[in-house]
Structures are given as C-alpha cells and as structure tokens.
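What follows is a short report on a single structure.
This structure is a prediction, so every number in the text was calculated from the model and none was measured.
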Number of protein chains: 2
Amino acid sequence: LISCRQLTKIYVMGKTKLYALNNIDLDISEGEFVAIMGASGSGKSTLMNLIGALDQPSQGHVTINGNDISELKPKALSKLRNETIGFIFQQFQLLPKKTAQQNVELPLMYRTPRPSNIKDMALACLETVGLKDRAKHRPMELSGGQQQRVAIARALAGQPKIILADEPTGALDSKTSIDIMKLLIELNAQGITIIVITHEKDVAAYAKRIVEISDGKVTSDRLNMEA
Amino acid sequence: LISCRQLTKIYVMGKTKLYALNNIDLDISEGEFVAIMGASGSGKSTLMNLIGALDQPSQGHVTINGNDISELKPKALSKLRNETIGFIFQQFQLLPKKTAQQNVELPLMYRTPRPSNIKDMALACLETVGLKDRAKHRPMELSGGQQQRVAIARALAGQPKIILADEPTGALDSKTSIDIMKLLIELNAQGITIIVITHEKDVAAYAKRIVEISDGKVTSDRLNMEA
Ligand SMILES: Nc1ncnc2c1ncn2[C@@H]1O[C@H](COP(=O)(O)OP(=O)(O)OP(=O)(O)O)[C@@H](O)[C@H]1O
Ligand SMILES: Nc1ncnc2c1ncn2[C@@H]1O[C@H](COP(=O)(O)OP(=O)(O)OP(=O)(O)O)[C@@H](O)[C@H]1O
Ligand SMILES: [Mg+2]
Ligand SMILES: [Mg+2]
C-alpha cells in the first residue's frame, strides 16, 4: 500500500546540508498496524509527512496505492490525501477560528460529492472521543488533551483507509490514552492501515510491528512479540 | 511562597457556566517539587495559568511571595512574572519568526537592568537541553521535541525562583525525558520551586509531592512515597 525507496529529505541551511531522512526503504501493507519510534529529532514526523504526501522527497520515492507521489499533480495529490488518509498532527493543526465541530467537518466539506450528513458525522466522531459537549468550543477554549482529541476526531471523520498518527496520545491522561489506542485497534480490525509515531513503549505495545528510526535511518524493523 | 484560596475560574458560554476550577485551596512552599496530575480537561493548565499570574481568578485568591495577584497593577505583575517565574507551556508558545536562540533570549531582554551577556546565557541554556547546534533554526525548522526543549531552555534562561512546567516532556523520547527530569531535580536541589503538570506516573515519580485534580477540584494531595 505504501512504499518508500531510498527516501531522503535534505534541508539546506546556509552551508549545511541537514539529512532529516537518509536513504529509507520501508514497505507497509494494507491492514498493518505499525509503530514508528525514535529519539527527538530522528526524522519521524518528516517520514510521516512524506508518507502522507504532504511534502516531497529530496531524493528517492514514495508510492501510495501504486501512485508515485512525485508524479501526481497537486489536485490529484490533494484528492488522494483527502479520500484515503486521516492525519493526526503532532501539534494538532486545528483552525483557531473554527469550533471543534467545524474543524472535524472540514475534511468532509472537500469531498466530491459532498456527504449529506456532515454535521451528524462530525458529532458522532466527537462523541467517540468524549467531546460531544465541547462541539461549539474553539481550540483556545479547549484543554491540550481536548484539542488533541478534536484532531483525532477530524482524522476519523472521513473514514480514511490509512491513519497517520503523530503522537496521538501525547497530551492525554492514561485512561483517555487507553481509550484512543483501543479505538485504533478497532479501526485496524476493520481493515484500516494504522501508522503511529510514538515515544512511549505503552503505546507502541498496541502495534503489530515496530520500526525504529535514528538520525534519519531505519535501525530496526520487527514484529511486536508482545502483541 | 504560593497560596491559592477558594480559587475558582468560571467560563461563561452562552447560558452555560463552566467551572474550570472550583474552590481550590493549595499551598506550595519555597523549594518544593510538586507534580499536578489529573484527567484531560480537569483544570491543570488553568490552575497553572492562575498560579503564574497569567490570568485572574473569577473568585478566590492567588498570592505569590505575599502579593495577591489580583491587587497588582499589570506592570508589577509583569515584573513579578519576568523575574520570578519560568514557564514551560503545554503548547510551547514559541515566537515563530524568531530563532531558537532569540526565543530563549526573550525573557532576558525584558529584565531591568538588562544583563550584558544575554547571548551567552541563551546559548548555555540551549546547550543544557542538547540544542546548541539548532540555535539558528526557527520553530518551523525544528521537530516537536526540539521545540519543547527550546521552551524549556527559555524557562531556565532567566534563572527563575519558580518553574511552572506544563507537560515538559510530553513530546520527548524516554532518554531525553530522563535528562530533563534530572535537570529539574538538580535545579530543585539548588532551591528552585518546581511545579510540573504531567499525565505520566514516570514523570510524577521525580516529584516530592503529588496533587491530583478532577473536574476543577483537588481530590488528593500527598507526599510521594517512592521518591
Ligand atoms: N477559554 C475557555 N472557554 C471555555 N472553556 C474553557 C476555556 N479554557 C479552558 N476551558 C475548559 O476548562 C477545562 C479545563 O481546562 P484545562 O486546560 O485547565 O485542562 P487540563 O487539565 O490542562 O487538560 P489537559 O490535560 O487536556 O491539558 C476544560 O474542560 C476546557 O474545555
Ligand atoms: N524545515 C526544516 N529546516 C531545517 N531542519 C529541519 C526542518 N524540519 C525539520 N528539521 C530537522 O529535521 C530533523 C528531523 O525532524 P522531525 O520533525 O522529523 O523529528 P522527529 O523525529 O519527529 O522528532 P520529535 O520526536 O522531536 O517530534 C530534526 O533534527 C529537525 O531539526
Ligand atoms: Mg515529531
Ligand atoms: Mg493542559
């Protein structure tokens, strides 16, 4: 489903070339549940942005569903993302002027054809993450963990085939974290491919496969024996 | 050093009155190391904003160093915060157009008299959190955990008497988290008062006292027996 070949991302700063990702080969099949772990700054979010076609490689290729993302036009790329992938960003990336409900509705507003029951779908997703009574709050009127849960609800609203989650429980207490991970397990059981970036072993424990990244390279890729 | 009495924070939304904090009594003495725990939305960040005089109570009082924050003029409040308190915000609150180094220098720029070696102080703090080679990066050019560490460095730069840390290791891998918690232990040993909001038991384990909050109320306040 997702294939990375010699994937490299270089940031040029003055005279320095910073290799955020350095020659990564990685294949993820449909229905997998993969955890990506690694130190701060090792390249995890960069990898996720490339896998999610939010960014283009400096070298190498990312293929999603047979499409090389560097060969798709912006419109096709946008459509691919909107219909196939649900993102949970490390810093949530909610629209500050919109309510929680409007933020969750957003990906559905761009669908063609537009679903007829967007409001209900959004409220159902907010209820799933325990925030139905916060639907009319704007991000500034929500706690950190509530904002994170709105970001999660937004990722689910479009019923994506692939969920890319960057630290989805980073701001959540243990009980709420467990609820969210169980939700991801349930979605994976329905055939949705899940890729979670996490620092926490407790969170990685829910995945079926664990990939470790260090300084932009894959250093370990194994099945989760404790799953 | 810090005293909360009948501390209440109410948000009015249309016809609803939301009690983010509901009649909190809490005393923290100089030199303490307190962890504040509780579910997402329970009121922890709200409590920290009030303790740090970033916000005013709806009812009740916050006293810092003998000063009731509701009786100080904005200028005096600003000076109190700048000279006494170091903040690490849950969402970092870095200035996007400034470099990491400039962000760390910021609290020092407001000191009167202004220190003569601000650049060196900032670079030293960045080195302490392992980011000396990222000094010229702007927040957008940093990973989530690197941004968090810049926020930590900024809190330390002014050599505050009180550190208020809202999830200071939320975005950090375990090794880096341990480094940061050991740094806080060290600062506490030098007499600095530390208040950490955290969801993680591993992080709370470093504190000498653990206060639990639920629905805006203190539900438990005990010494950490495992410290
Ligand atoms: N400006 C606001 N207007 C309305 N409600 C608010 C506002 N700010 C916060 N709240 C509400 O107050 C409650 C407490 O928020 P707070 O940010 O203190 O929670 P928290 O304990 O820090 O949570 P988390 O662990 O998720 O960060 C939440 O239920 C939130 O929805
Ligand atoms: N726009 C940019 N310009 C320059 N360097 C960048 C840029 N974006 C990221 N980097 C660098 O690339 C490296 C990888 O960043 P990335 O965000 O992928 O790390 P990460 O593994 O997600 O870290 P964390 O766990 O802290 O979130 C970091 O060292 C960062 O400083
Ligand atoms: Mg990251
Ligand atoms: Mg909070």
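- B:Q90 and A:A171 get closest at one heavy-atom pair: NE2-CB, 4.2 Å.
- With chain A as the partner, the residue from B:D166, B:L18, B:T198 showing the most heavy-atom pairs under 4.5 Å is B:L18.
- Contact check for A:E141 versus B:M13: side-chain heavy atoms found under the 4.5 Å cut-off.
- Of all the listed residues (B:K175, B:R134, B:K201), the one sharing the greatest number of non-hydrogen pairs under 4.5 Å with chain A is B:R134.
- The candidate from A:H137, A:K136, A:K44, A:E200 with the greatest count of non-hydrogen atom pairs under 4.5 Å with chain B is A:H137.
- When each of B:M37, B:E167, B:Q91 is checked for heavy-atom pairs under 4.5 Å with chain A, B:Q91 comes out on top.
- Across all their heavy atoms, A:S40 and B:S143 have their closest contact at OG-OG, 3.7 Å.
- Heavy-atom neighbours of A:D25 CG from other residues, nucleotides or ligands within 6.0 Å: above the threshold of 12.
- The most heavy-atom pairs under 4.5 Å with chain B, out of A:G130, A:G144, A:S177, come from A:G144.
- Residue-environment remark: CD (A:Q159) stays at or below the threshold of 12 foreign heavy atoms within 6.0 Å.
- Contacts of A:L142 with chain B are absent, with no heavy-atom separation under 4.5 Å from either backbone or side chain.
- When all heavy atoms are compared, the tightest approach of B:Q146 to A:G41 is NE2-CA, 3.7 Å.
- Heavy atoms of other residues, nucleotides or ligands lying less than 6.0 angstrom from CZ of A:R138 number 12 at most.
- Looking at A:D173, its side chain never comes within 3.5 Å of a backbone N or O of B:G38 through a donor-acceptor pair.
- Neither the backbone nor the side chain of A:Q148 comes within less than 4.5 Å of any heavy atom of chain B.
- Other residues, nucleotides and ligands place more than 12 heavy atoms under 6.0 Å from the CG atom of B:D133.
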